[in-house]
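Notes follow once the structure below has been shown.
Being a predicted model, the structure only gives us computed values, none of them experimental.
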Amino acid sequence: MAFLCRSAASLLKSPRAAPAVLSACRLYSSGGQYEYILVEKRGEKSDVGFIQLNRPKALNALCDGLMKELKQALDVFEADGEVGAIVITGSDRAFAAGADIKEMQNKTFQDCYRGDFLAHWNRVSQSKKPVIAAVNGFALGGGCELAMMCDIIYAGEKAQFGQPEILLGTIPGLVSKVYPVDQLVSEAVKCGEKIAANSKLVSAMAKEAVNAAFEMTLAEGNHFEKRLFHATFATGDQKEGMTAFVEKRKASFQDS
Ligand SMILES: C[C@@H](CO)C(=O)SCCNC(=O)CCNC(=O)[C@H](O)C(C)(C)COP(=O)(O)OP(=O)(O)OC[C@H]1O[C@@H](n2cnc3c(N)ncnc32)[C@H](O)[C@@H]1OP(=O)(O)O
């Protein structure tokens, strides 16, 4: 948080940063100049910053360009003295279906590690102003995490939250459910079968991240999880999982 405050303050004070903020202000006052998001001020007093993710054909998959624009819009709203709260939403069908799998498919571990892939995704949790997620439809993987980074989540009746990364050969992917007594054991076995059909190597990495988090601060846990996520890009199973998604077929994991 201290870092955030400093970075926001430096945006406001630094003469070099000021033009960036001003030009970003123009972006939402003139409207329509972002490619992947819609940005405006709402509310009777125009005191609510409103950001709508807008990649309908890709179910608002969070491509790099979208995340950069989201950061830019948050910077603008943080610098705007009128804005007291920020709402992030998607479409009726999807809040966001996760990180962009087509962009990630061919990334290597080296690409992820060198570029500190997804490091800037924490921007939302660093906002000094309260952020409300208004979630309709799919909120999966990074989309679910984006909602969780907000301070408040309002969900539509058909919202679906999930962490399906394990299906792509990467982490995380843990789900919990409640069942009637007589169905519990068979449903638990079915769940075990689903987990066992995924990469055993990557499942172990997901468990390692969760277990390690119990012994760490939140920042350390996030960092460790991100590094393990990067490490999945060194596996054949991540390549298989993401390629299978793009080729619209079932993945065949080799635990390698
Ligand atoms: C890195 C971590 C963060 O920690 C991640 O976020 S990994 C990504 C996690 N998310 C997922 O695994 C969800 C992937 N999407 C789906 O499973 C399905 O698309 C669905 C959300 C269940 C919806 O299925 P439906 O059959 O209704 O629609 P389509 O699959 O035909 O999707 C329509 C269109 O959107 C593209 N798309 C959907 N999700 C993504 C994505 N995450 N990245 C890139 N593109 C995505 C999909 O490919 C279709 O486009 P088309 O290929 O037809 O041009």
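Using a 4.5 Å cut-off on side-chain heavy atoms (C-beta onward), Ile51 and Leu74 make contact. At least one side-chain heavy atom of Phe233 sits less than 4.5 Å from a side-chain heavy atom of Met104. In this structure, Ser203 and Ile195 have side chains that are in contact, with non-hydrogen atoms separated by less than 4.5 Å. Residues Cys144 and Leu146 are not in side-chain contact: their nearest non-hydrogen atoms beyond the backbone lie 4.5 Å or more apart. Looking at heavy atoms from C-beta onward, Asp80 lies in side-chain contact with Lys41 at the 4.5 angstrom threshold. Contact check for Glu145 versus Gln163: side-chain heavy atoms found under the 4.5 Å cut-off. Within the 4.5 Å cutoff, the side chain of Phe77 has heavy atoms near those of the Val39 side chain. Counting only heavy atoms from C-beta outward, the side chains of Gln238 and Leu201 never approach each other to under 4.5 Å.
Within a 6.0 Å sphere centred on NZ of Lys129, heavy atoms belonging to other residues, nucleotides or ligands number more than 12. No more than 12 heavy atoms of other residues, nucleotides or ligands lie within 6.0 Å of CD in Glu215, so this atom counts as exposed by the packing criterion. Dense packing is recorded around CZ of Arg249, with more than 12 heavy atoms of other residues, nucleotides or ligands lying under 6.0 Å away.
Side chains of Glu40 and Gln52: no donor on one and acceptor on the other come within 3.5 Å. For the 3.5 Å distance criterion, the side chains of Glu240 and Ser252 fail to qualify, holding no donor opposite an acceptor.
Hydrophobic clustering of Ile, Leu, Val, Met, Phe, Trp and Tyr side chains at less than 4.5 Å, counting indirect connections, keeps Leu59 apart from Ile88. In terms of hydrophobic clustering, with Ile, Leu, Val, Met, Phe, Trp and Tyr side chains grouped at heavy-atom distances under 4.5 Å, Phe253 and Leu168 are assigned to different clusters. Linking Ile, Leu, Val, Met, Phe, Trp and Tyr residues whenever their side-chain heavy atoms come within less than 4.5 Å places Met205 and Phe229 in a single cluster. Both Ile101 and Phe95 are members of a single hydrophobic cluster when ILVMFWY side chains are connected at heavy-atom separations under 4.5 Å.
Phe117 carries Lys107 over the face of its six-membered ring, with the cationic atom under 6.0 Å from the centre and within 45° of the normal. For the pair Arg93 and Phe138, the cation-pi test (distance below 6.0 Å, angle within 45°) is failed.
Closest non-hydrogen pair, Thr235 versus Gly169, comes out as OG1-O, 4.3 Å. Contact record, Glu165 with Gly142: OE2-N, 4.0 Å, taken as the closest heavy-atom pair. Contact detail for Val87 and Ala134: the closest heavy-atom pair is CG1-CB, 4.3 Å. When all heavy atoms of Phe224 and Ala212 are compared, the pair lying nearest together is CE2-CB, 3.5 Å. Contact between Ser127 and Ile86 at its shortest, heavy atoms only, is OG-CD1, 4.2 Å. Summarising the geometry of Glu225 relative to Ile171, their closest heavy-atom pair is O-CD1, 3.9 Å, with the distance given to 0.1 Å.
Rounding to the nearest 0.5 Å places CG of Asp92 at 5.5 Å from CG of Asn136. In this structure, Leu53 CG and Cys63 SG are separated by 10.0 Å, a value rounded to the nearest 0.5 Å. One finds the CG atom of Leu140 at 10.5 Å from the CG atom of Leu62 (value rounded to the nearest 0.5 Å). Atom OG1 of Thr89 and atom CZ of Phe50 lie 5.5 Å apart (nearest 0.5 Å). If you take CD on Glu78 and CZ on Arg123, they are separated by 4.5 Å, rounding to the nearest 0.5 Å.
The main-chain N or O of Tyr36 is found under 3.5 Å from a side-chain atom of Glu69 such that the two form a donor-acceptor pair.
Ring planes of Phe109 and Tyr113: tilted class, angle from 30 to 60°.
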### Query
Given Thr232 and Leu228, is the side chain to side chain contact (heavy atoms under 4.5 Å, CB included) satisfied, shown in steps?
CA-CA 6 Å; Thr232 65; Leu228 272 179; 5.9 Å; no

